[in-house]
Amino acid sequence: MFGLVDGNNFYVSCERVFQPRLDGRPVVVLSNNDGNVVSRSAEAKQLGIPMGAPYFEVRELLRRHQGQALSSNYALYGDMSRRVMARLADQVPAVEVYSIDEAFLDLQGLTTWCGTLDARAQQIRRDVLACTGIPTCVGMAPTKTLAKVVNRLAKKYPELHGILRLDTDSRRERALRALPAADVWGIGRQYAQLLSAHGIRTAWELAGVSEAWARKNLGGIVGWRLIQELRGQPCQGLQPSEDGTLARQSISCSRSFGQHLTAFDDLWGAVTTYLSRAAEKLRAQGDQAHILTVFISQDRYSAHIPPPYTRSATLTLPSGPTSNTLQLLAYGRRLLEKLYEPGRQYVKAGVVLVGLEPPSRGQQLNLFEPSTEAVVPAPDQERVQKLMCTLDTLNHRFGRGTVRPAATAVVGPQPAPWQGKAQHRSQSYTTRFEDILIVS
DNA sequence: TCTGGGGTCCTAGGACCC
DNA sequence: TCTGGGGTCCTAGGACCC
C-alpha cells in the first residue's frame, strides 16, 4: 500500500505559519519576478483565480477583496519542506520525497502495530501539523497513481477529514467515477483535450480504454502504465530518498530579468550568477558534470520578434567532468560569446548541467592532443577542491553570495541589472538569524 | 508596464559499430 | 539482377510533473 502526503496550498501555508494575519483572507504566492500565481489559498481559489495566472491580471481582484500577494520565498519553503519530510521519515518505514510539498510513503505493515491505517494516517497528519504548522492530506492506495487520485479527492471533499483509502474494487470504481480524467496524474493539457474529443470524461472511463489505444495515444509505454495503475496493477515502486533529498540527473538555474538587457557584460553577470549557483548545487549533491548548456531568451510575448526566442549552446567539456565553478565559468563565457548578438534585447538566461557523475579518482585525459585553446586547463585538483569547499562553507555560513565571482559585482547601491522583481517578499524566518520572528 | 523555474521520462531518427 | 541484422549513442522534441 502506498501513501501520498501532500501539503495543502503549500507555499501559502508556509507563509501563514509566520503571518497569522493572512488567515481567512485570499492569499497568493507569486513565481520569480512576481510573474505568475503559483500557490493560492482556498479563499483565492474561491475568487476564481486560476493557477498560473499572470499577476497583473488578478492584482485588482485581490485588492478589492483585501487579498494579499506575496513574492516567493524559496529559502522558507525549502526549509519548511525539510521539516515536514523529517516528520514523515520518523513515522513510516520509507519515504520517497517527490516534490517540495509531496511524498510517497511505504505503508507496509503499519497497521500491525498501530490500529487501523486510517487512524495511523490521521496521526501522521496531526504530527506534521503540530510540529511544522503545515496542513496536509493523505491518500492511500495499492498504486502510486491511485494514491494520487484519492489524495485529490481527500483535498476536494472536506467531509473526508483529509484522508481517503482505497482498498476494494467498489471503492476504486467510486473514486475513479468522481474524478475528471483531466485531473489524473500524467494527463496534461494535450492529453486532456484528446480524451475529451473521444468522449472520455472521468478517470473511470479512462481506466476502461484498451491497452492498445492507451499505447497509441497516451505516449506509448507511459500511457500503458498509466492505465495499469488506474486498474490497480502497480508499475512503479517506491524509490526511497536518502536523507530526505533527491539526487538529480540534471541541475539547472535560470531566471527572468527585472528589465531587458542588451549589454554583454550584464548578461555575463547574470550567467555567472546562475552558473555559480548551479555549481554549488552540483557540489552539494557530490557530483561533477561533463556537459554544460547556456541559453539566453528574448521576449516571447513580443509581437515584433520572430521565433526562436531561445538560443542555446552546449559543450561536452573537453577536459572531462568538473564541479569547479571557475572552470565552468571559463567554458560558460565561451558559450555565451557564441550566442550573444549585440542589439538584441534579452529577458532571461540560464544554465544546465548534465552528464552528472561522482568524481573519479583520476582525471579524464584526452587521448588526442587537444586543440589547446579549446581546453580550459584544470588546475591542481586538490587545491581546487579545497577552494570550492571553502567557498561553499563561507557562503553557507554567512549567506549566499558572500564570496562570489567579480563578474557579478555591481558598482553603487542599486541592485544588479538582471535582478528580478520581488516586491512582496516575506522574511526568511527559519534560515536567517536577522529574520527570526519577534513575538511581542 | 506586466506573462516562472526546475525537473522527469519517452520516442524518433541519424550516425556509427561489428 | 540481387544489397542484413542487431546493436549503441546522441540529439531534438514532446509530453508530463509540481
Closest to the side chain of A/Phe56, out of C/dC18, B/dG6, B/dT3, is B/dT3
Value in whole Å for how far the P atom of C/dT11 lies from CG of A/Leu292
13 Å
Rounded interatomic separation in angstrom, taking CD1 from A/Ile49 and P from B/dT3:
18 Å
Output all residues satisfying salt bridge (Lys or Arg N to Asp or Glu O under 4.0 Å) with A/Glu357, sequence neighbours left out; order by chain, then residue number.
none
Minimum-distance nucleotide to A/Glu102 side chain [options: C/dC18, B/dG6, B/dC2]:
C/dC18
With no hydrogens and no angle check, just 3.5 Å: does a side-chain donor-acceptor pair link A/Arg125 and A/Gln122?
yes
My understanding is that only residues two or more places apart in sequence, or in another chain, count here; which of them pass side-chain hydrogen bond (donor to acceptor under 3.5 Å, both in side chains) with A/Lys45?
A/Asn9
Do A/Ser426 and A/Gln19 pair up side chain to side chain, a donor and an acceptor below 3.5 Å, judged on atom types alone?
no
If you restrict it to nitrogen or oxygen atoms, what contacts under 3.5 Å exist between nucleotides 8-10 of chain B and the protein, and what is each distance?
from, atom 1, to, atom 2, distance (Å)
B/dT8, OP1, A/Gln249, N, 2.8
B/dT8, OP2, A/Ser250, OG, 2.9
B/dC9, OP2, A/Gln249, NE2, 3.3
B/dC10, OP1, A/Arg225, NH2, 2.6

Under the rule for side-chain contact (heavy atoms from CB on, under 4.5 Å), what residues qualify as partners of A/Arg201, not counting sequence neighbours?
A/Glu205
Stretch residues 179-199 of chain A: residues that reach within less than 4.0 Å of DNA chain C through a heavy atom
A/Val184, A/Trp185, A/Gly186, A/Ile187, A/Gly188, A/Arg189, A/Gln190, A/Tyr191
Does A/Arg255 reach a base, just sugar-phosphate, or nothing at all? Heavy atoms under 4.0 Å.
sugar-phosphate
Go through the structure and list residues passing side-chain hydrogen bond (donor to acceptor under 3.5 Å, both in side chains) with A/Ser13, not counting sequence neighbours.
none
Residues at least two apart in sequence or cross-chain that pass side-chain contact (heavy atoms from CB on, under 4.5 Å) with A/Phe398, listed by chain then number, are A/Leu394, A/Thr402
For the pair made of OH in A/Tyr11 and P in B/dG4, what is the distance, rounded to whole Å?
15 Å
How many Å lie between CE on A/Met51 and P on C/dC17, as a whole number?
12 Å
Not counting sequence neighbours, list each pair that qualifies as a salt bridge (charged side-chain N to carboxylate O under 4.0 Å, His left out) and has a residue in residues 265-278 of chain A.
A/Arg277-A/Glu280
How would you list, by chain and number, every residue that makes a side-chain hydrogen bond (donor to acceptor under 3.5 Å, both in side chains) with A/Thr408, sequence neighbours excluded?
A/Arg404
A/Arg59 side chain, from C-beta outward: closest of B/dG5, C/dC17, B/dT1:
B/dT1
Lys/Arg cation over aromatic A/Tyr55: A/Arg59, 6.0 Å, 45° cone
yes
Distance test, side-chain N/O of A/Ser254 to OP1/OP2 of B/dG6, below 4.0 Å
yes
So, is A/Arg300 near the phosphate of B/dG4, with a side-chain N or O under 4.0 Å from OP1 or OP2?
yes
Ignoring backbone atoms, test whether A/Lys148 places a side-chain nitrogen or oxygen under 4.0 Å from the OP1 or OP2 oxygen of C/dC18.
yes
May I have the distance from A/Glu96 (atom CD) to C/dC17 (atom P), rounded to whole angstrom?
16 Å
Keeping to residues at least two apart or across chains, list the ring-ring contact (aromatic ring centres under 6.0 Å, His included) pairs with something in residues 189-219 of chain A.
A/His198-A/Trp213
Among residues at least two apart in sequence or on other chains, which ones pass side-chain hydrogen bond (donor to acceptor under 3.5 Å, both in side chains) with A/Ser71?
A/Asp34
Can you tell me which stems involve DNA chain B, if a stem is defined as three or more consecutive Watson-Crick or G-U wobble pairs, both distances under 3.5 Å?
B:5-18 with C:5-18
Separation of B/dT1 C1' from A/Asp34 CG (nearest whole Å)
14 Å
Taking OP1 and OP2 of B/dG7, is either one under 4.0 Å from a side-chain nitrogen or oxygen of A/Lys281?
yes
What's A/Asp299 touching, base or sugar-phosphate or nothing? Going by heavy atoms closer than 4.0 Å.
nothing
Residue A/Tyr301, side-chain atoms from C-beta onward, closest of C/dC17, B/dG6, B/dT3:
B/dT3
Whole-Å distance separating the NZ atom of A/Lys144 from the P atom of C/dC18
13 Å
